[in-house]
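Quick notes on the structure that follows.
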Amino acid sequence: MVQENVAAPGDAPIVRPLPISGFPEWLPEVRVIEQRWLDTIRRIFESYGFCSVETPSVEALDVLMAKGETSQEVYALRRLQADADDDSARLGLHFDLTVPFARYVAAHFNELVFPFKRYQTQRVWRGERPQEGRFREFTQCDIDVINVDRVPLHFDAELPRIVHEVLTTLGVPPWTLNINNRKVLQGFYEGLGVADPLAVIRIVDRMDKIGRAGVGDLLATRAGLAPDQVQACLDLAAIRVASDAEVVERVRELRVKSDLLDEGLDELAAVLADLADLPAGSVVADLSIARGLDYYTGTVYEAKFVDWPDFGSICSGGRYENLAGSFIRRSLPGVGISIGLTRIFAKLLAEGLLTLGPASPADVLVVIPSAARRAAALSTAAQLRGRGLRVETYHQPDKLAKQVRYAVRKGIGHVWFPPFDDGRDHEVKDLTTGDQTTADPTGWTPPSA
C-alpha cells in the first residue's frame, strides 16, 4: 500500500503509517512463533553438521546476474542525492541466497574446508507483483553443499531428508516433495531433436501457471516444436511416480534415447532409492518439475502443499555444476535446497492453523507496590533475571488490578508481588490457575519451566 499524506489540524501534514504491500510484518504474538520456527530449523540444520553463514543484503549487479535471466526481479540501489551523471548504481538486493553463497565460497576459497556445508537464513527481495504466497521481501532458509570438482550424489538425497525432518517437526500440513533431474529433461529434448532444450525447460517450468494446454501452445509457437515433439514433451511431464524403478520404466516407454537422458535417469533413480524409507507420498518423481533458473544442471526439487495444489512451491532447489565457478577458476559444483519460510508461515497464519504465542517473552511481571518501593521491585526483578528467568518490571505504581491486567493482556504467566511493607513475604500469582503463594526470589522456579 502507498503511504498517504494527511493534513493534521494546526500542524504539518503527517504520513499515514500504512504497511507496504508485499513486505510482511507480524505482531509480537505472531513473531514469537516465527522465531520458534527459526530456532527449530537452525537446530535441525546444525544437527546434520551445517554451519551458519550470512552474506550482505546487497551484491554487485554483475554477481546477481552471473547466471540466469533474473534482471527483472532485482532491486537495484541508487543514492537519492546522487549526481545526474553518477553511474555508481552497481549494487542490488539479493533475490535468492544461492548466488551470494557461490560468490562467498569463491571469495573465501582458501579459508574453507570442503565439502563446505552451510545453512543461511536471511531476507531476500524480488521486484514482483505481490499476491498470495508471493512477497517482495521474505525469509528463506537455505542449505547447500559445495565441493571441489565433485559433490557425491548422496547429498542430493540428504537435503530433502533434512527438509522432511524440518517440515515434520514444525507440524506443517501435508506436503509432497517433487524431484526431477534436469539431465532427464535436457537429454530427452535432445533425443527428440530439439534445437534449444533450455528454452523448452523454461516453458515447461510454467506448467503450474498456464497448465498443460498453455505449455503445449508455447512449445509449438515459441519453441517451434513439431506436433509429435510437443506431445512427447507433454507425455514426459505427465509422469509422476514414487518408485525409482517405475520412473525409469515410464520414461523408457516413450522410446527417446540419449546418453544424457540415461545419466539423468540413473541419478534420479538413485536419489529416490535413497529416500525410499520416508513415509509414502512424501517424496515423488515429478517430471514436470523443471526449475526455470539456468544454473540448475542435475537434481531439482519443488515441495508443494497437498491441500492447496494451486499454491506456489514451499521448498525448492537443485544441483548446480559451475555457479561458484563463475567467480573463480576452479570447478565448484554444489547442491542446495531452500525452505520458503515466509510463504509457508503466512499461508498457515491466513488459514488459522497457527497457535499464536504471548505478546511478551517474559515469564514474570514484577509489580511496583508504590513509588517508595520501586527500587526494591527492581532488585527483585534483577534477582529473578540473574537466575535465568525473563522478567519485566511494571513501569509505574498503578493500581494492582491494572498491573495484573497488563500481564494478562501480554500473556505473561506469573505476577510477582514484592513485599508491600517491611517484614512481609514475597508472593507470586499463577495467572493460569489463579493460585497465589509465598515465594523466595532466590529459589523460585515457574511450574512450567
Side-chain angles (χ1 to χ4, degrees), residues 21-22 24 26-27 29-38 40-41 44 121 126 128-136 138-143 157 159-180 204-215 237-243 246-247 271-272 275-292 299-318 337-357:
S21 179
W26 312 127
L27 291 173
E29 53 268 33
V30 177
R31 172 61 175 160
V32 69
I33 302 303
E34 184 184 42
Q35 287 180 308
R36 291 175 187 172
W37 278 37
L38 288 167
T40 297
I41 294 169
I44 293 174
T121 299
R126 294 184 184 177
E128 56 187 14
R129 184 173 64 86
Q131 52 188 298
E132 185 187 37
R134 291 191 178 274
F135 302 92
R136 290 188 275 186
F138 52 97
T139 298
Q140 286 188 324
C141 304
D142 281 25
I143 43 175
L159 299 192
R161 185 177 296 279
I162 295 170
V163 166
H164 182 276
E165 183 173 342
V166 167
L167 298 183
T168 301
T169 303
L170 292 175
V172 172
W175 51 273
T176 298
L177 180 63
N178 304 298
I179 300 181
N180 198 0
V204 172
D205 188 52
R206 301 179 63 186
M207 186 74 73
D208 280 351
K209 299 180 180 65
I210 62 176
R212 182 180 173 90
V215 167
I239 296 175
R240 192 172 189 275
V241 296
S243 163
E246 187 178 358
V247 71
V271 172
L272 290 172
L275 296 170
D277 61 299
L278 295 180
S282 58
V283 176
V284 301
D286 185 339
L287 300 198
S288 71
I289 301 300
R291 302 301 301 154
T299 303
V300 285
Y301 315 102
E302 275 194 8
K304 300 196 70 175
F305 285 123
V306 172
D307 296 333
W308 303 295
D310 295 330
F311 194 72
S313 60
I314 59 175
C315 300
S316 60
I337 193 167
S338 174
I339 299 173
L341 177 72
T342 303
R343 176 173 285 185
I344 299 171
F345 193 82
K347 179 61 174 175
L348 269 58
L349 182 65
E351 296 290 335
L353 297 177
L354 288 179
T355 301
L356 303 187

Check: [Y] and [X] side chains under 4.5 Å, non-hydrogen atoms:
| X | Y | result |
| --- | --- | --- |
| L167 | C315 | yes |
| W37 | T139 | no |
| E302 | R291 | yes |
| P174 | D307 | yes |
| F345 | L38 | no |
| V215 | I210 | yes |
| P279 | H164 | yes |

Within 45 degrees of the axis of the six-membered ring of F311 and under 6.0 Å from its centre: does K347 put its NZ or CZ there?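 The answer is yes, since K347 meets both limits relative to F311.
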Determine the minimum heavy-atom distance between [X] and [Y], stating which atoms define it.
| X | Y | value |
| --- | --- | --- |
| V284 | L272 | C-CD2, 4.3 Å |
| V247 | A285 | CG2-CB, 3.9 Å |
| S288 | V204 | O-CG1, 3.8 Å |
| Y301 | G318 | CD1-N, 3.6 Å |
| A290 | V300 | O-CG1, 4.2 Å |
| P160 | L177 | CB-CD2, 3.0 Å |

Would you check if the side chain of [X] reaches a backbone N or O of [Y] as a donor-acceptor pair within less than 3.5 Å?
| X | Y | answer |
| --- | --- | --- |
| S338 | G317 | no |
| R136 | S21 | yes |
| R31 | W26 | no |
| R343 | S313 | yes |

How long is the gap from [atom1] on [X] to [atom2] on [Y], to the nearest 0.5 Å?
| X | Y | atom1 | atom2 | answer |
| --- | --- | --- | --- | --- |
| I339 | I41 | CD1 | CD1 | 5.0 Å |
| I33 | L170 | CD1 | CG | 11.0 Å |
| I162 | I44 | CD1 | CD1 | 9.5 Å |
| L287 | M207 | CG | CE | 10.5 Å |
| I289 | I179 | CD1 | CD1 | 10.5 Å |
| Q140 | I337 | CD | CD1 | 11.5 Å |

Hits for salt bridge (charged side-chain N to carboxylate O under 4.0 Å, His left out) against D142, two or more places apart or cross-chain, chain-then-number order -> none
Could you tell me whether D277 and R161 have a side-chain N and a carboxylate O separated by less than 4.0 Å?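 Between R161 and D277 there is a salt bridge, with a charged N closer than 4.0 Å to a carboxylate O.
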Testing L353, L349, L348 for side chain to side chain contact (heavy atoms under 4.5 Å, CB included) with E351, which one passes?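 Testing each of L353, L349, L348 against E351, the sole residue satisfying side chain to side chain contact (heavy atoms under 4.5 Å, CB included) is L353.
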Listed once per pair and sorted, the side chain to side chain donor-acceptor pair (under 3.5 Å) pairs that draw on residues 171-180, sequence neighbours left out: N178-R240
side-chain contact (heavy atoms from CB on, under 4.5 Å) between V166 and T40, worked out: CA-CA 8 Å; V166 167; T40 297; 5.8 Å; no
